[in-house]
Amino acid sequence: MKGIEVGILGATGMVGQQFIALLANHPWFTVTWLGASQRSEGKAYRDAAAWRLPARPPDHVSKLIVEQASPGRAPKLVFSGLDASVAGDIERAFAEAGHVVVSNSRNYRMEPDVPLVIPEVNGDHLALVNTQAAGRGWKGRIVTNPNCSTIVLSMALAPLRQFGLKTVMLTTLQAVSGAGYPGVPSWDILGNVIPFIDGEEEKIQTETKKILGCLTSGRVEPHQVTVSATTTRVAVHDGHTESVSVGFDKSPEPDAIIDAFNSFRGRPQELGLPSAPPQPIVYLADRNRPQPALDVNRDGGMTVSVGRLRPCPVLDYKFIALGHNTIRGAAGAAILNAELMEREGLL
Ligand code: NAP
């Protein structure tokens, strides 16, 4: 399995850096190509990226020359952490040229023939790539992972579908790393809460329904749940925290919900994929958890931590969910998607 070459589009950004860090010792994938903007093109990666992560990038990647973000020299499998303002055109050009693009950007997520996948929740939606290839005449494919807040929410909701999930209201407290680098000016974020993140609430409200939906006859039937989201940015490095209230058709006992969180498993755990956490959702019983400072890196940042389940006087229950936005919410999510695609023969 070793030695599948991969490229990274947007390699210099927050998500691009996380790809490089997570792939440093990956058993199947080796980074051999990097692409970014004209600002970085032609420079060695170590000079082009404002590296923000604790572990240094591997030597062979530091020395790679960042190339123009256009198809030609990149390997077949390309991860994308491109800015959404340019991802639409660039990712399409790569797919047309025969690349398999596994993307973090919002541009293609809601297209009916593009899989929007969390492998534990709806790995079966990857089958949409066949419709995509036939319909668009592309030699390659685009597969997407959801918005970072949506991933945390959808993972926490997936085990609750069995109780007739009807209504969800949430408020997010989102980390600064979610805004890329350099992101929000320190003057704006320190000692402050910003009650607006452009486009984020709409993404959570629409993407969640597609992810929790069912694939039937080559299309996704969205889940009937109604989602209302308020999003805020707070002065936290990494980790999106979400305060979630849920309403059900038939309200279960609290122990049934906790058991549903803790026993939730998916195809990645079944297959033992390299980036799969052993337990995708962990319920923390301490009344002051989860906290980003203590819980965000659980199992390499791939686990969603949940806590504080209690009755909600408006809906049925409320709880707190937390996930690492650039790992489970971005680069780690895309790598897990590619691992599942490899195992399912879709690469
Ligand atoms: P970022 O730090 O701003 O990085 C953006 C990347 O895009 C950089 O590598 C940049 O290259 C490249 N780029 C910009 N303009 C380009 C152009 N014209 N041609 C080629 N490359 C270009 O952003 P980020 O936080 O990593 O986010 C990347 C994507 O992932 C976005 O679509 C974002 O919405 C999504 N996402 C982010 C998170 C998160 O938590 N941060 C989570 C989920 C999804 P240069 O350095 O050369 O300018």
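Whatever order the structure lists ligands and atoms in, that order sets their numbers, starting from 1.
- Across Thr144, Leu82, Val15, Ile8, heavy-atom proximity to atom 29 (C) of ligand 1 is greatest for Leu82.
- Note on ligand 1: Gly329 sits in its first shell, one or more heavy atoms being nearer than 4.0 Å.
- Counting heavy atoms closer than 4.0 Å to ligand 1, residue Arg39 contributes side-chain atoms (C-beta onward) but none from N, CA, C or O.
- A donor-acceptor pair shorter than 3.5 Å cannot be found between the side chains of Asp113 and Thr131.
- Remark: side-chain polar atoms of Gln17 are not paired, donor with acceptor, to backbone N or O of Met14 under 3.5 angstrom.
- When heavy-atom distances to ligand 1 are checked against a 4.0 Å cut-off, Ser177 comes that close only through its backbone atoms N, CA, C and O.
- Between the side chain of Asp316 and the backbone N or O of Phe248, at least one donor-acceptor pair lies under 3.5 Å.
- Each of the atoms 40 (O), 42 (C) of ligand 1 lies under 4.0 Å from some heavy atom of Asn325.
- Side-chain atoms of Tyr108 never come within 3.5 Å of backbone atoms of Glu91 as a donor-acceptor pair (strictly under, hydrogens ignored).
- Of all protein heavy atoms, the one lying nearest to atom 44 (C) of ligand 1 is Asn104 O, 3.6 Å.
- The atoms of ligand 1 that sit less than 4.0 Å from any heavy atom of Thr326 are 39 (C), 40 (O), 41 (N).
- Proximity of atom 17 (C) of ligand 1 to the protein is indicated by at least one non-hydrogen atom lying closer than 4.0 angstrom.
- Residue Gly81 has at least one heavy-atom neighbour below 4.0 Å for each of these atoms of ligand 1: 5 (C), 6 (C), 7 (O), 28 (C), 29 (C).
- Inspection of the Trp33 and Glu67 side chains reveals an N or O donor paired with an N or O acceptor under 3.5 Å.
- Under the 3.5 Å distance criterion, with hydrogens and angles disregarded, no donor-acceptor pair is assigned to the side chains of Asn325 and Gln174.
- By the 4.0 Å N-to-carboxylate-O rule, Glu200 lies too far from Arg233 to be salt-bridged with it.
- What sits closest to atom 7 (O) of ligand 1 on the protein, heavy atoms only, is Asp83 N, 3.2 Å.
- For the atom pair Arg141 CZ and Leu347 CG, the distance stands at 10.5 Å (nearest 0.5 Å).
- Among all protein heavy atoms, the one lying closest to atom 22 (C) of ligand 1 is Ser37 CB, 3.6 Å.
- Ring-plane geometry between Trp28 and His26 is classed as perpendicular, the angle between the planes exceeding 60 degrees on a 0 to 90 degree scale with a lower cut at 30.
- Of the N or O atoms in Gly10, one or more lie within a sub-3.5 Å distance of an N or O in ligand 1.
- The nearest heavy-atom contact from the protein to atom 8 (C) of ligand 1 is Thr12 OG1, 3.4 Å.
- Not a single N or O atom of Arg106, backbone or side chain, sits closer than 3.5 Å to an N or O atom of ligand 1.
- For atom 34 (O) of ligand 1, the nearest protein heavy atom lies 4.0 Å away or farther.
- Distance from atom 23 (O) of ligand 1 to its nearest protein heavy atom, with residue and atom name: Gly180 CA, 3.9 Å.
- Of all atoms in ligand 1, listed by their number and element, those nearer than 4.0 Å to a heavy atom of Ile90 are 19 (N), 20 (C).
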| query | Are Glu270 and Arg267 close enough, and set up right, to give a salt bridge (Lys or Arg N to Asp or Glu O under 4.0 Å), and what steps lead you there? | reply | CA-CA 5 Å; Glu270 232 174 77; Arg267 196 87 179 110; 2.7 Å; yes
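- Set against the non-hydrogen atoms of Ser40, the atoms of ligand 1 under 4.0 Å away are 45 (P), 46 (O), 47 (O).
- Considering backbone and side-chain atoms together, Met14 places an N or O closer than 3.5 Å to an N or O of ligand 1.
- Lys209 contributes atom NZ, which lies 8.5 Å from atom NE2 of His223 (distance to the nearest 0.5 angstrom).
- In the vicinity of Ala330, heavy-atom distances shorter than 4.0 Å reach the ligand 1 atoms 42 (C), 43 (C).
- Of the polar atoms of Gly13, at least one N or O is found under 3.5 Å from an N or O of ligand 1, judged by distance alone.
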